[in-house]
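Below is one structure; the comments refer to it alone.
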Amino acid sequence: MEYDFKAIEAKWRQHWKNNGTYAVAEDAGKEKYYVLDMFPYPSGAGLHVGHPLGYIASDVIARYKRQQGFNVLHPQGYDSFGLPAEQYAIQTGQHPAITTERNIARYRQQLDLLGFSYDWTREVRTSDPDYYRWTQWIFARLFEHGYDRTMDKARPIAALVSAFAEQGNAASDWVCGEDTLGEAATALWGEDFNGTFTADQWNGLDGAGRSAILMAYRLAYLADSEVNWCPALGTVLANDEVVGGRSERGGHPVVRKKMRQWMMRITAYADRLLSGLDGIDWSDSIKEVQRNWIGKSTGAQLRFEIEGHPGSGIEVFSTRPDTLHGANFLVLAPEHELVADITTEGQREAVEAYVQETASRSERERMAGDRGMTGCATGAHALHPLTGAPMPIWIADYVLAGYGTGAVMAVPAGDQRDWEFAQAFGLEVPPIFEGHDISEGACGDKDAILCNSGEWNGMRCSDVLPRAIEESTRAGFARPRVNFRLRDAVFSRQRYWGEPFPICYVDGVPTLIEDEQVLLPEVDAYLPTEDGDPPLARAEKWNVRRGDRMEFNTMPGWAGSSWYFLRYMDPHNGDALCDRSKSDYWGQVDLYIGGAEHGTGHLLYSRFWTKFLHDLGIIGFDEPFAKMINQGMILGRSSFVYRIEGTNTFVTFEQRKEHRTQRLHVDISMVRNDTLDTDAFRSWRPEFADAEFILNEEGRYRCGSEVEKMSKSKYNVENPDDLVERFGADTLRCYEMFLGPLEQAKPWDTQGINGVHGFLRKLTRLYLGSDGADLVTDNPPSAEAERTLHKTIKKVTEDLDRLSWNTVVSALMIGVNELTEMGCHDRAILQPLAAILSPYAPHLAEELWSRSGGQGSVVDAPWPTWDSAKLVESEVRYPVQFNGKVRFQFEVAADLSPEEVENAVLADARTGKQLDGRAPRKVIVVPGRIINIVG
RNA sequence: GCGGGCGUGGUGGAAUUGGUAGACACGCCAGAUUUAGGAUCUGGUGCCGAAAGGUGUGGGGGUUCGAGCCCCUCCGCCCGCACCA
């Protein structure tokens with residue numbers, strides 16, 4: 001066998017392992033290149049062919065860059081804290097660490113088969129205490145820091161404490177949770193707290209009081225937030241785990257409950273997270289997802305006085321204060337704090353019923369559904385700040401409590417939702433736009449011309465807007481305001497298998513534990529306690545060793561994955577999360593490859609933590625991933641059989657409509673070319689043992705098929721191990737790259753792999769005879785063979801530079817086809833060919849490199865360069881322009897310089913045949929293969 | 001509804017800067033060969049047509065000597081967000 005892939009791959013896999021080929025170290029004399037995969041969660045199911053796609057792509061680039069002389073950092077690790085291992089533990093009692101260890105071993109085994117050039121000495125695992133120690137350390141720094149708006153960076157809370165001691169909180173402009181501050185201050189100093197406190201007030205506080213105040217400023221803080229609590233399950237549920245007021249799993253009742261949770265003040269970084277997007281090379285769509293999620297809007301906060309309630313007012317946020325003259329009522333979220341105060345006696349019953357009704361639905365549910373407008377008048381009125389006209393105050397669930405101030409000024413002529421609300425409740429729609437018919441709907445056009453708007457009549461909205469903000473501010477009822485949709489992230493989970501917080505409570509005050517690492521304790525069960533405390537509360541000895549008690553929550557999955565790319569640079573450092581000299585050398589990730597599904601999770605949180613660590617001077621850059629490619633999903637091709645209802649008889653695809661049939665997924669391993677192996681099917685499951693088949697005219701059972709997501713339950717999963725067994729890792733690598741553009745979703749087609757396998761076999765035959773004898777000669781290569789080689793080097797190099805993985809395989813195939821046709825066995829051709837093959841088929845490339853006399857490992861073989869002089873084609877046709885019109889096609893040898901082309905054209909064209917009988921004076925050869933002739 | 005992207009043979013896709021559309025591969029067809037395989041080799045394969053020729057990148061229009069690519073418009077598909085004031 002001339003291409004014995006099993007022997008070749010085993011041989012070189014062992015060789016690389018023995019030689020530690022892929023270990024890298026900092027080298028000041030070499031330019032670095034950092035190429036990173038999103039590390040996997042090691043699930044029990046193992047890999048299917050979709051998982052390695054991105055890993056192969058990054059490995060190709062890592063190998064290519066390495067051969068180009070870069071010092072390449074290409075690590076891999078495991079995001080090993082997570083829910084599946086914990087659920088398995090709840091069911092079986094097996095410790096998640098054991099499950100995780102086993103799954104990692106399986107992953108490693110599968111990854112090793114594929115020939116990746118990872119430096120495994122740098123492996124990280126988020127569940128490793130030596131790793132999560134630093135995750136806890138970052139949390140501690142976040143706890144100890146706040147965000148100073150003046151300096152636009154994170155600063156130690158200690159600096160704020162000094163400022164408070166001297167000037168209270170009036171002089172410093174730090175990001176502050178106003179609700180948290182308000183609650184704490186009210187508890188300490190009484191109801192009339194107006195947002196500021198003095199140095200005397202501060203200095204008079206005890207430790208608990210100060211702690212409560214400082215919580216409003218910390219980047220990691222404790223706060224009461226409303227969550228979906230399921231008492232039966234003893235845990236908090238995410239909004240999408242709640243359906244119709246009951247838990248999605250089990251159907252237990254869910255209540256909305258305020259719970260004290262750790263939060264991350266990511267909102268402090270909202271502006272920088274937004275502007276930082278401009279400087280990084282990510283896809284437009286994922287940047288757009290992040291922009292949308294951050295949701296910056298600029299406008300004003302306006303205050304409306306309430307009739308009969310002097311001193312209190314309703315604050316609303318609006319991006320369109322230019323439409324203020326069209327505002328004729330206010331709408332509050334049902335949860336708005338003023339609702340109870342302002343509701344009139346006549347409306348109280350109706351309002352309370354409405355509030356009750358909305359409270360029983362989750363926010364998610366309110367947002368979905370039929371969009372029918374609901375609401376209720378409070379009976380109260382606000383006063384229009386310009387005209388003093390009374391404006392009825394309504395409550396409605398289309399206004400969200402969590403956004404802006406939880407209240408809006410309704411401008412039914414300018415906002416579709418307000419318009420619909422006005423229609424539903426028979427409210428007036430004052431027209432404020434010239435030429436706009438308000439019976440049709442609202443007008444959102446910012447270029448519309450205003451009317452009925454006092455001094456602004458006749459002006460364009462977009463021109464009025466800045467003026468409206470300015471004038472309202474001067475009049476004292478408004479101030480400019482920027483609002484973000486982004487909300488602070490809940491950082492607590494009531495789970496076991498996550499990072500424990502380095503926090504204990506001393507007299508109720510949350511306090512950092514920094515003198516020793518807080519390790520995840522052993523527990524006797526992985527469920528919450530009877531009291532509803534998280535599983536960590538079961539670890540009684542662990543719990544009581546500090547303060548009153550330890551923190552029982554653990555950190556969410558995204559904690560460990562927010563900074564792992566840094567740890568690879570210095571994975572064994574026991575004194576720091578990453579030495580500054582190492583992070584300065586390796587710097588940002590140059591190429592990050594992974595799925596697009598993390599747009600608002602991992603990718604946002606790692607940007608946040610990176611900026612924070614940059615503020616602290618831990619690292620010298622503030623964006624983690626300079627360039628990112630999101631690979632598309634590989635879809636499976638499912639096969640179906642058609643059972644006649646109520647029988648055990650199956651008809652083929654062609655006949656399925658002649659009967660009442662039921663479509664069933666069948667395992668694709670039993671199907672070849674859409675034909676079912678009926679014997680295999682009978683023995684697949686007992687219920688099919690006596691299945692009858694009605695075959696088609698060709699005497700075979702033809703299955704139906706469909707492209708859908710790969711999944712166990714659809715029996716359409718292709719396992720990489722099987723394919724490596726049948727075709728080898730090199731074939732699988734090439735084929736996955738050949739499938740199509742990396743970013744696109746594409747169906748898997750196992751039949752297609754034969755073509756790529758044939759290519760590698762054909763390639764091998766250039767070097768080896770069928771008996772395994774060397775065929776490589778030292779004959780001088782023909783010009784033709786050189787042209788093929790240089791053309792291939794050029795194409796492969798250019799395609800890799802623009803990250804076009806799939807076209808590279810085609811280029812290699814074409815080269816091999818041509819060389820095979822020529823019968824080329826020349827060392828001068830085949831050695832460089834092995835070198836450029838290496839990124840895609842590293843095992844075979846090593847074999848062929850050594851067979852063709854290459855020195856050392858092909859992994860370090862310098863990337864060949866192409867010589868344009870060798871790229872001579874016989875003739876090229878140029879379209880020729882004469883006085884602006886293309887008159888004829890001119891053929892010229894392709895290796896001529898522009899000057900030679902010019903002379904050739906002049907010489908020929910002077911006959912004047914194609915040039916209206918005129919002799920040209922000048923010939924201009926321009927790129928794009930067009931020749932301009934000036935008459 | 002808003003935002004992002006896409007539309008090319010039977011299939012996956014190529015065409016990099018506006019310059020011979022369909023490279024490369026699968027599938028299919030025909031032939032060869034054989035120890036009958038999920039093997040190998042050779043040739044063919046966009047569509048219509050016997051051929052000459054015509055036609056062709058979702059539809060229509062435009063710019064250009066020239067459009068898969070640029071502009072306008074309509075249709076269809078995918079992804080993300082979705083009452084964000």
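Everything numeric here is computed off the predicted structure, so don't read it as measured data. To find a chain, count down the sequence lines: A is the first, B the second, and so on, and within it residues start at 1.
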- request: For S804(A) and D799(A), run side chain to side chain donor-acceptor pair (under 3.5 Å): C-alpha distance rounded to whole Å, both residues' side-chain angles, the deciding distance at 0.1 Å, then the answer.
  value: CA-CA 5 Å; S804(A) 172; D799(A) 284 357; 4.8 Å; no
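Whole-Å rounding puts the N328(A) CG to rA85(B) P distance at 20 Å. One atom, CG of L302(A), and another, P of rA85(B), lie 14 Å apart when rounded to the nearest Å. Straight-line distance from the CE atom of M633(A) to the P atom of rC79(B): 9 Å, rounded to whole Å. Remark: P of rU40(B) and NE2 of H757(A) are 8 Å apart, rounded to the nearest angstrom. Spacing between atom CD1 of I469(A) and atom P of rA85(B) amounts to 13 Å, rounded to whole angstrom units. Straight-line distance from the CD atom of E798(A) to the P atom of rA14(B): 17 Å, rounded to whole Å. Look at NZ on K287(A): it is 15 Å from C1' on rG3(B), rounded to the nearest Å. E420(A) has its CD atom 16 Å from the P atom of rA85(B), to the nearest Å.
Taking the six-membered ring for Trp and thresholds of 30 and 60 degrees, Y3(A) and H757(A) have ring planes inclined between 30 and 60 degrees apart. By the 30° and 60° cut-offs, the orientation of the rings of F421(A) relative to F425(A) is tilted.
With both pairing distances under 3.5 Å, rG27(B) is matched to rU45(B) as a Watson-Crick or G-U wobble pair. In this entry rU20(B) has no Watson-Crick or G-U wobble partner, no candidate having both defining distances under 3.5 Å. Base-pair partner of rC6(B): rG76(B) (Watson-Crick or G-U wobble, both distances under 3.5 Å). Of the nucleotides present, none pairs with rA82(B) by Watson-Crick or G-U wobble criteria with both distances under 3.5 Å.
Residue L400(A) places its side chain closer to rA85(B) than to any other of rA85(B), rG13(B), rC24(B). Checking rC26(B), rG4(B), rC24(B) against every side-chain atom of D749(A), the shortest atom distance belongs to rC26(B). Residue P741(A) places its side chain closer to rG13(B) than to any other of rG13(B), rG27(B), rA85(B). Out of rG27(B), rA25(B), rC84(B), the shortest distance to the side chain of R485(A) is found at rC84(B). Considering only the side chain of R417(A), rA85(B) comes nearest among rA85(B), rG12(B), rG27(B). Among the nucleotides rA25(B), rG4(B), rA85(B), the one closest to the side chain of E288(A) is rG4(B). In the set rU16(B), rA25(B), rC83(B), the nucleotide with an atom closest to the side chain of D397(A) is rC83(B). For D284(A), whose side chain is taken as the heavy atoms from C-beta onward, the closest listed nucleotide among rA85(B), rG5(B), rC83(B) is rG5(B). Listed nucleotides rC81(B), rA85(B), rG13(B) differ in distance to Q744(A); the shortest reach to its side chain belongs to rG13(B). In this structure, the nucleotide among rG13(B), rA85(B), rC24(B) sitting nearest to the side chain of I814(A) is rC24(B).
In terms of modelled atom types and a separation under 3.5 Å, the side chain of T323(A) and the main chain of R320(A) share a donor-acceptor contact.
N806(A) comes within 4.0 angstrom of the backbone, heavy atoms only, and of no base. Residue S810(A) is in base contact, counting any heavy-atom pair closer than 4.0 Å across all strands shown. Within the 4.0 angstrom heavy-atom criterion, only backbone atoms of the sugar-phosphate kind lie near R765(A); the bases stay farther away.
Of the two residues contacting RNA chain B, namely F317(A) and S804(A), the nearest-nucleotide position lying further toward the 5' end is that of S804(A). Each of D415(A) and N817(A) has a nearest nucleotide on RNA chain B; the 5'-most of these lies closest to N817(A).
For the 3.5 Å distance criterion, the side chains of D677(A) and Y701(A) fail to qualify, holding no donor opposite an acceptor.
A salt bridge links D278(A) to R291(A): at least one charged side-chain nitrogen sits closer than 4.0 Å to a carboxylate oxygen.
Using atom P as the reference point in both rG13(B) and rG60(B), the two lie 25 Å apart (nearest Å).
For a distance-only test at 3.5 Å, the side chain of K795(A) qualifies as a donor-acceptor partner of the base of rU16(B).
In summary, the aromatic rings of W805(A) and Y64(A) are positioned with their centroids too far apart to meet the 6.0 Å limit.
Between Q751(A) and the phosphate of rG27(B), there is a side-chain N or O to OP1/OP2 separation shorter than 4.0 Å.
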